[in-house]
Amino acid sequence: MEGVDHLAHERNKSEFDVDAMKIVWAGSPHAFDVSDRISKLVASDPGFRKDNRSTLSRKELFKNTLRKAAYAWKTIVDLRLSEEEAAKLRFYVDEPAFTDLHWGMFIPAIKGQGTEEQQQKWLPLAYKMQIIGCYAQTELGHGSNVQGLETTATFDPQTDEFIIHSPTLTSSKWWPGGLGKVATHAIAYARLIVGGREHGVNGFIVQLRSLEDHSPLLGITVGDIGMKFGNGAYNTMDNGVLRFDHVRIPRNQMLMRVSQVTCEGKYKQSDVPRQLVYGTMVYVRQTIVADASCALSRAVCIATRYSAVRRQFGSQNGGPETQVIDYKTQQSRLFPLLASAYAFRFIGEWLKWLYADVTQRLQANDFSTLPEAHACTAGLKSLTTTATADGIEECRKLCGGHGYLCSSGLPELFAVYVPACTYEGDNTVLLLQVARFLMKTVSQLGSSKKPVGTIAYMTRVEHLMQCRCGVQRGFAELSVDLVEAAVAHCQLIVVSKFIEKLQQEIPGKGVKQQLEVLCNIYALFLLHKHQGDFLSTGCITPKHAALANDELRSLYSQVRPNAIALVDAFNYTDHYLGSILGCYDGNVYPKLYEAAWKDPLNESVVPDGYHQYIRPLLKQEIRTARL
Ligand SMILES: CCCCCCC/C=C/C(=O)SCCNC(=O)CCNC(=O)[C@H](O)C(C)(C)COP(=O)(O)OP(=O)(O)OC[C@H]1O[C@@H](n2cnc3c(N)ncnc32)[C@H](O)[C@@H]1OP(=O)(O)O
Ligand SMILES: Cc1cc2nc3c(=O)[nH]c(=O)nc-3n(C[C@H](O)[C@H](O)[C@H](O)COP(=O)(O)OP(=O)(O)OC[C@H]3O[C@@H](n4cnc5c(N)ncnc54)[C@H](O)[C@@H]3O)c2cc1C
């Protein structure tokens, strides 16, 4: 029945203060207030409905996304929302759109790689959305290998301009979000050529479309690259293709914080590492880690609530069947994901601090922590997105057949999320960067340069490396093992930061205790998953492994009565979850049944096509081949 909380009995089992946990999850009382207020604002506004997406064609879907993005912007302006509130509103609208790249990459690129003068010129236009930007780096022929990009930017001293050109088919820009149909400007990455000499890849602000009638400017060929994985999903986004035919831009539209070209045609490299040109990617990678905790927690919330609602087998004397959440197999698949959601939340908080710290140091030309920041953002982006994509799929399976319905919210969540393992850096390529960083650290062991920060533990491997440092096979030859070492390094960081979080003051009855249980589940689940490595290296004995398994089972029993409260602490509205299986009141079956009849296929009792195709079959009007 509507209005009845079918999960009340579960909520009454909670052993901790859920409202206090909501603050921990949000990050602060202020953050919780903003999140709670904006999520309810979006959920209550019919202009942001999203339950019809799976029935729209690509063009209808895209136009609906434009409508929502414009409506969101109007809401932000009318309500005079702050930047923080506006970002939260775009988050809860929950629809991949050109605005993600405008706010999430185009503006950060200008802030990170533009000079003060360039920021003063372009940021006001971007903040007021008088221009709409995208981040055009990847090409048809190159994405991972940025130094392999082919687009050229040739300086013309006669006219004090750069000529942006796509010399080959493979140099076509390919994938940039928002590029296909909407962006008026791009940060285009191209090989800088001055006086016949190449100076590597730099970013350039290029106008693509007229601000009068949106038509592509002279020399610009631009369009959408076509349908992507899944039906609705990322097809709300216009990932585009772009070719330049000798497009001229003023010299002051090269982003010049890292490198400069003077009007005399002199190239100057600031005394900053050239990799700062990659700074936007580092920034986005750290935001993707926080996004992972959101996506995983959403899937876990759905699967946990449904696992408490679903009953299957185990009826005693005609009594109710067993809740599937009480099966140890269900718990062993679900609770490590619940623990991971919390673990990724806290590592995301720490990574945000690390990024802010390295940014502040850069302003003082202190580049000492840049390598660690690159390794951490790359490695943790890889680790958390892989685990989250796999976790969303596992949550779908945890919901049985109904998990495969669009109305469960899980297929769409999976389809929208999985490209995170690829964009902003293919996950394997990024782990190889971490491996390179680790090997460089090892090569410096024994020198005066002592490892600090997230690699401080490596001093303990020094004796091992000294006896084996003579055996140097090629990085490429050992890359598979090195990638595994990179994953282990990142897992150690996640566990360490979870433990550090627990050393902070955490208010609320039972809250810290619950987080300690989740931290132990996260760590012991990893130990169980990789016990082969731990045993083969002598780090643990078989007895330790057995004890870990026993402790895991005990920890699952401790989480069980708190599971629903732990996902309630995410404070997601039913609108944001977009899932009948995950609805707050647990009233699943009536909602599933009601939703089925709303499918367009049920608009007629006899389906279109019956008379043309089915009736002739049934009436044997089609000459059947000799059976
Ligand atoms: C909120 C927004 C929503 C997001 C929606 C999704 C939108 C998606 C957007 C995109 O996908 S944008 C395009 C993303 N593309 C990539 O991520 C490309 C990945 N490739 C690279 O980053 C680089 O090509 C590479 C793999 C890092 C290799 O770069 P390069 O060949 O130039 O360097 P190396 O020779 O490997 O290393 C040299 C040296 O530089 C260090 N380094 C590399 N990158 C960085 C960095 N970002 N920051 C700092 N340092 C870096 C590297 O560690 C080496 O150092 P040493 O070992 O020499 O000390
Ligand atoms: C949904 C989506 C949105 C995107 N949005 C944008 C955007 O807004 N702007 C933008 O510029 N780009 C964007 N991209 C492009 C994205 O950044 C690239 O696809 C990504 O960086 C991966 O590069 P790639 O496609 O060249 O993969 P590849 O590098 O071709 O990967 C193919 C395989 O090769 C392997 N591989 C590659 N190099 C090595 C190596 N050295 N050693 C071992 N294995 C290797 C990879 O691990 C992978 O298994 C987007 C992509 C997607 C899917």
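Note that the structure is a prediction, hence the values are computed from the model and not measured. Order of listing sets the numbers, starting from 1, for every ligand and every atom in it. In what follows, every heavy atom counts, from backbone to side chain, and hydrogens, waters and symmetry copies are set aside.
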Mind checking the NE2-NE2 spacing from His246 to His165? Nearest 0.5 Å is all I need.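 So the gap between those two atoms works out to 3.5 Å.
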May I ask you to check if ligand 1 and Gly425 share an N or O to N or O distance below 3.5 Å?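 Yes: some nitrogen or oxygen of Gly425 is under 3.5 Å from one in ligand 1.
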Indicate yes or no: does an N/O atom of Ser144 lie under 3.5 Å from an N/O atom of ligand 1?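 Between Ser144 and ligand 1 (N or O atoms, distance only) the closest approach is under 3.5 Å.
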Going through the checks in order, is the side-chain contact (heavy atoms from CB on, under 4.5 Å) test met by Gln207 and Leu211? CA-CA 9 Å; Gln207 184 171 349; Leu211 294 176; 3.8 Å; yes
Any idea which residues sit under 4.0 Å from ligand 2, heavy-atom distances?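 Within the 4.0 Å shell of ligand 2, which is judged on heavy atoms, sit Leu101, Tyr135, Gln137, Thr138, Gly143, Ser144, Trp175, Pro176, Gly177, Tyr234, Asn239, Pro419, Thr422, Tyr423, Glu424, Gly425, Asp426, Thr428, Val429, Leu432.
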Is the count of non-hydrogen atoms from other residues, nucleotides or ligands lying under 6.0 Å from Glu83 atom CD greater than 12?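 Count not over threshold, so no.
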Do other residues, nucleotides or ligands put more than 12 heavy atoms under 6.0 Å from Gln360 CD?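 No - once you tally the heavy atoms of other residues, nucleotides and ligands closer than 6.0 Å, there are 12 at most.
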Closest non-hydrogen atom pair, Trp175 against Lys228: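 The pair with the smallest heavy-atom distance is CZ3-CD, 3.5 Å.
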Are the charged groups of Asp366 and Arg361 less than 4.0 angstrom apart, N to O?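 Result for this pair is yes, salt bridge flagged.
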Shortest heavy-atom approach to [atom] - which of [options]:
{"atom": "atom 36 (O) of ligand 1", "options": "His374, Lys440, Gln433", "result": "Gln433"}
{"atom": "atom 26 (C) of ligand 1", "options": "Asp426, Val146, Val284, Val429", "result": "Val429"}
{"atom": "atom 42 (N) of ligand 1", "options": "Gln275, His102, Met105, Gln137", "result": "Gln275"}
{"atom": "atom 30 (P) of ligand 1", "options": "Tyr283, Tyr278, Phe91, Phe437", "result": "Tyr278"}
{"atom": "atom 14 (C) of ligand 1", "options": "Glu424, His142, Arg274", "result": "Glu424"}

Within the 4.5 Å heavy-atom criterion, are Leu362 and Val272 side-chain neighbours or not?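 Contact flag for Leu362/Val272 side chains = no.
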Do the non-hydrogen side-chain atoms of Val442 and Leu438 ever get within less than 4.5 Å of each other?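 Side-chain contact under 4.5 Å: no.
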How would you list all residue pairs meeting salt bridge (Lys or Arg N to Asp or Glu O under 4.0 Å) that involve residues 163-178, not counting sequence neighbours?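 Only Glu139-Lys173 qualify under salt bridge (Lys or Arg N to Asp or Glu O under 4.0 Å).
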For His142, check ring-ring contact (aromatic ring centres under 6.0 Å, His included) against everything at least two apart and list the hits.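 Checked His142 against ring-ring contact (aromatic ring centres under 6.0 Å, His included); zero matches.
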Distance under 6.0 Å and angle within 45° of ring axis: Lys88 vs Phe91: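 Judged by the rule, Lys88 and Phe91 form a cation-pi pair.
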Regarding Arg298 and the six-membered ring of Tyr576, is the cationic atom NZ or CZ under 6.0 Å from the ring centre and inside 45° of its axis?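 Output yes; distance and angle both within limits.
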Short list, please: which atoms of ligand 1 are under 4.0 Å from a heavy atom of Tyr423?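 Every atom of ligand 1 under 4.0 Å from some heavy atom of Tyr423: 6 (C), 8 (C), 11 (O).
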Show me the donor-acceptor pairs within less than 3.5 Å that the side chains of residues 340-349 make with the rest of the protein, sequence neighbours left out.
residue : atom : partner : partner atom : Å
Ser340  : OG   : Pro336  : O            : 2.7
Tyr342  : OH   : Leu566  : O            : 2.7
Arg345  : NE   : Trp25   : O            : 2.8
Arg345  : NH1  : Ser293  : OG           : 3.2
Arg345  : NH2  : Trp25   : O            : 3.3
Glu349  : OE1  : Lys501  : NZ           : 3.2

Counting non-hydrogen protein atoms only, what is the nearest one to [atom]? Give residue, atom name and distance.
{"atom": "atom 17 (O) of ligand 1", "value": "Arg285 NH2, 2.8 Å"}
{"atom": "atom 57 (O) of ligand 1", "value": "Arg436 NE, 2.7 Å"}
{"atom": "atom 5 (C) of ligand 1", "value": "Tyr234 OH, 3.9 Å"}
{"atom": "atom 16 (C) of ligand 1", "value": "Met281 SD, 3.2 Å"}
{"atom": "atom 31 (O) of ligand 1", "value": "Gln147 CG, 4.0 Å"}
{"atom": "atom 1 (C) of ligand 1", "value": "Gly104 CA, 4.0 Å"}

So is Gly143 close enough to ligand 1, meaning a heavy atom under 4.0 angstrom away?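 Right, Gly143 reaches ligand 1.
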Mark the output for Tyr135 as yes if a heavy-atom distance to ligand 1 is under 4.0 Å, and as no if none is.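 A heavy atom of Tyr135 does come that close to ligand 1.
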Ignoring hydrogens and angles, state whether a donor on the side chain of His489 or Tyr457 is under 3.5 Å from an acceptor on the partner side chain.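 A donor-acceptor contact under 3.5 Å links the two side chains.
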Checking contacts now, so for atom 51 (C) of ligand 1, which I'm interested in, is there any protein heavy atom under 4.0 Å?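 True for atom 51 (C) of ligand 1.
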Please state which part of Leu101 comes within less than 4.0 Å of ligand 1, counting heavy atoms only: side chain, backbone, both or neither.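 Within the 4.0 Å criterion, Leu101 contacts ligand 1 through side-chain atoms alone.
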Under 3.5 Å, is there a donor-acceptor pair between the side chain of Glu393 and the main chain of Asp390?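 Absent.
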